[in-house]
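As a basis for the values below, the full set of heavy atoms in this structure was taken, side chains included, without hydrogen atoms, waters or symmetry mates.
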Amino acid sequence: MKRKLLAFLKILCLAALVLSLFTACSPGREKDAANEPEKGSSQETETATSQENEKTASQDAENAAPKEPEKLVTLISASEIPAGEWQAVRSFPDQNGYVDDTLAMNSMYSFEGYSGQGTLYFEVGQAVEGFDLFLNNRRVDTAGIAPGVYSLDISELAVNGSNTLQLSNIRAADPSAKVTVRIPYPVVIEGNPADVGLDEAPLRLIEKIISADIANGFSSAQLAVVKDGRLVYSNAWGKLNSYTPDGERLEGGAEVSTDTMYDLASNTKMYAAVYAFQYLFDRGVLSLSDRAVDILGEEFVEDTIAIEFASFGGAYPGLEKIKEWKARITLKDLLMHQAGFPDSGHYHNEYFDTVSQSLSTEVKNVLYVADADKEKTFREGICRTPLMYEPGTKTRYSDIDYMILGLVIEKVTGTDLDSFLRETYWQPMGLERVSYAPLEHGYAKEDCAATELRGNTRDGLIDFPGVRTETIQGEVHDEESYYMMEGMSGHAGLFASAPDLARLAFVMLSGGYGNERFFSKNTRDLFTSTQAGGAYN
């Protein structure tokens with residue numbers, strides 16, 4: 001106890017020393033010292049009293065005068081309210097559905113947003129004479145507002161994360177009069193690392209690492225960083241094509257830019273199949289428990305052939321059991337890679353050992369589909385493909401799962417994946433550098449980075465009928481997507497630039513973009529939840 005008391009006294013002494021040094025070194029201290037009256041003199045007392053009185057009077061006047069609220073409300077015409085869906089549409093004074101406007105929940109609403117951006121839209125009912133408005137506890141000037149349509153720029157009031165709107169004390173001649181507020185979703189705006197408190201040192205290190213990789217043979221790269229609703233970093237390195245078909249390094253050639261589109265490979269599964277599914281799930285068009293056979297037809301099960309995969313270890317359950325399993329496959333099984341399919345049917349390759357799931361130049365592929373298009377691949381490939389295990393009992397990454405999901409989405413929407421995603425996501429979000437089969441949608445080879453030399457031959461090691469042998473640029477690299485699914489599949493085929501892909505990823509944080517609603521928070525939470533203890537949720 002004595003030691004603690006001594007330590008405490010030492011801290012007090014140090015604090016007093018720092019305070020005295022600060023006072024002694026304050027600007028003007030030495031200059032004023034010569035003019036100071038002697039301590040205890042009447043002049044000192046009168047001066048101090050006068051200064052204290054003036055200070056008190058000034059503070060009282062400041063406290064008494066009301067602070068000017070932010071004048072951010074701007075009158076607009078009704079035609080200027082954007083069309084579309086919203087993060088929320090709330091009518092006050094009973095936004096929560098209760099008649100009692102004294103309840104706090106009826107006067108307040110919280111929504112997601114980011115600092116530096118946002119506009120709210122207000123429709124003031126005909127009988128409304130006035131109301132009080134606060135955002136994040138800051139008062140907004142509503143004096144003189146008459147019935148009509150208004151906008152509120154909240155860029156200086158918004159904070160990152162949850163923002164709270166309070167609309168209360170509505171004064172109206174008609175008790176049923178309301179003020180309706182429309183709240184858009186946040187978007188991605190331009191910014192820099194300092195705007196979001198991001199240290200630039202790691203970015204400089206990343207630049208050095210990528211530049212070193214490019215100098216030592218890597219072809220090209222892009223990087224985009226979005227944080228707190230801002231695109232704070234976007235860069236590109238390397239060339240559109242760095243090598244001759246023989247693998248010799250090219251000295252010249254066009255540089256990639258942040259607009260260059262890249263083959264997204266299996267990222268397609270997320271940003272095409274899953275995004276499309278989440279949109280349809282959120283609107284009740286599809287559910288996780290829907291069976292694939294009910295959407296695709298009985299041939300999905302009945303045309304299945306018998307293949308005694310080596311993975312059965314001699315315990316093959318029989319074709320009828322396999323068909324029974326296949327009939328049970330749900331869309332959730334497909335999404336979670338737990339449907340039971342092999343990783344790929346290798347439908348494009350005439351020679352493949354399906355039983356052992358290994359490359360072969362001698363064993364005929366029993367699932368080979370010649371001269372394929374999507375329809376033929378479905379009927380002669382996917383419908384005939386048996387399962388390797390009972391659905392829901394294992395997890396095995398499979399392109400077939402997402403090929404099927406893509407077909408399901410096209411079946412229920414009545415259009416192809418590119419058209420559905422373009423109309424649902426890309427155009428409403430203003431994305432211009434994302435597409436399936438870019439060469440068929442107005443883009444040139446020069447808009448895309450080269451993917452691989454010598455096509456799909458793996459440097460001459462693989463051969464099959466119609467195999468591409470030239471450098472692949474602007475066409476999907478994935479064999480099943482290109483040869484079997486017309487370049488447009490749920491598992492592969494999407495192209496995008498890093499900045500546009502970052503904006504698409506941002507949607508998973510908000511569920512919408514501007515005045516476009518894609519899916520709810522409940523849907524986001526469900527699709528990002530983990531399996532508890534390995535259980536099949």
For this session: Indicate the ring-plane relationship of F312 and Y316, choosing parallel, tilted or perpendicular according to the 30° and 60° boundaries.
Result: perpendicular
For this session: Kindly determine whether I183 and Y109 satisfy side-chain contact (heavy atoms from CB on, under 4.5 Å), including the steps that lead there.
Result: CA-CA 10 Å; I183 305 172; Y109 182 77; 3.7 Å; yes
Exercise. Taking NZ, NE, NH1 and NH2 as the nitrogens, is one of them in D447 or R433 under 4.0 Å from a carboxylate oxygen of the other?
Worked result: yes
Exercise. Do R283 and Y279 meet the cation-pi criteria used here (NZ or CZ under 6.0 Å from the six-membered ring centre, within 45° of the axis)?
Worked result: yes
For this session: Assess whether side-chain contact (heavy atoms from CB on, under 4.5 Å) is satisfied between L367 and I305, documenting all intermediate values.
Result: CA-CA 9 Å; L367 294 175; I305 65 172; 4.0 Å; yes
Exercise. Can we say K376 and D373 salt-bridge, meaning some charged N sits less than 4.0 Å from an Asp/Glu carboxylate O?
Worked result: no
Problem set entry | Residues E190, R503: salt bridge by 4.0 Å N-O rule | yes
Exercise. Is any NZ, NE, NH1 or NH2 atom of the basic residue among K374 and E410 found under 4.0 Å from an Asp or Glu carboxylate oxygen of the other?
Worked result: yes
Exercise. Looking only at side chains, do S510 and R524 share a donor and an acceptor under 3.5 Å apart?
Worked result: no
Exercise. Any luck finding a side-chain donor-acceptor pair between E480 and S344 under 3.5 Å?
Worked result: yes
Exercise. Between E350 and K364, does at least one N-O distance fall below 4.0 Å, as a salt bridge requires?
Worked result: yes
For this session: Return the orientation label for the F506 and Y513 ring planes: parallel under 30°, perpendicular over 60°, tilted otherwise.
Result: perpendicular
Problem set entry | Lys NZ or Arg CZ of R468 over Y483 ring: under 6.0 Å, within 45° | yes
For this session: Given side-chain contact (heavy atoms from CB on, under 4.5 Å), test F495 with H441 step by step and report yes or no.
Result: CA-CA 11 Å; F495 284 70; H441 289 92; over 6 Å; no
Exercise. Is any side-chain heavy atom of R458 less than 4.5 Å from a side-chain heavy atom of E452?
Worked result: yes
Seminar exercise, completed: Sequence neighbours excluded, the answer for side chain to side chain donor-acceptor pair (under 3.5 Å) partners of T180 is S91
For this session: Quick one: sort the F464 and H348 rings into parallel, tilted or perpendicular, breaks at 30° and 60°.
Result: perpendicular
Exercise. Less than 4.0 Å between a side-chain N and a carboxylate O, is that true for D94 and K178?
Worked result: yes
Exercise. Are any of the side-chain heavy atoms of F300 and R291 separated by less than 4.5 Å?
Worked result: no
Exercise. So F281 and F527, would you call those rings parallel, tilted or perpendicular, with 30° and 60° as cut-offs?
Worked result: perpendicular
For this session: Working to the nearest 0.5 Å, report the span between CG of L203 and CG of N235.
Result: 9.5 Å
Exercise. Between T413 and T415, do the side chains contain an N or O donor and an N or O acceptor separated by less than 3.5 Å?
Worked result: no
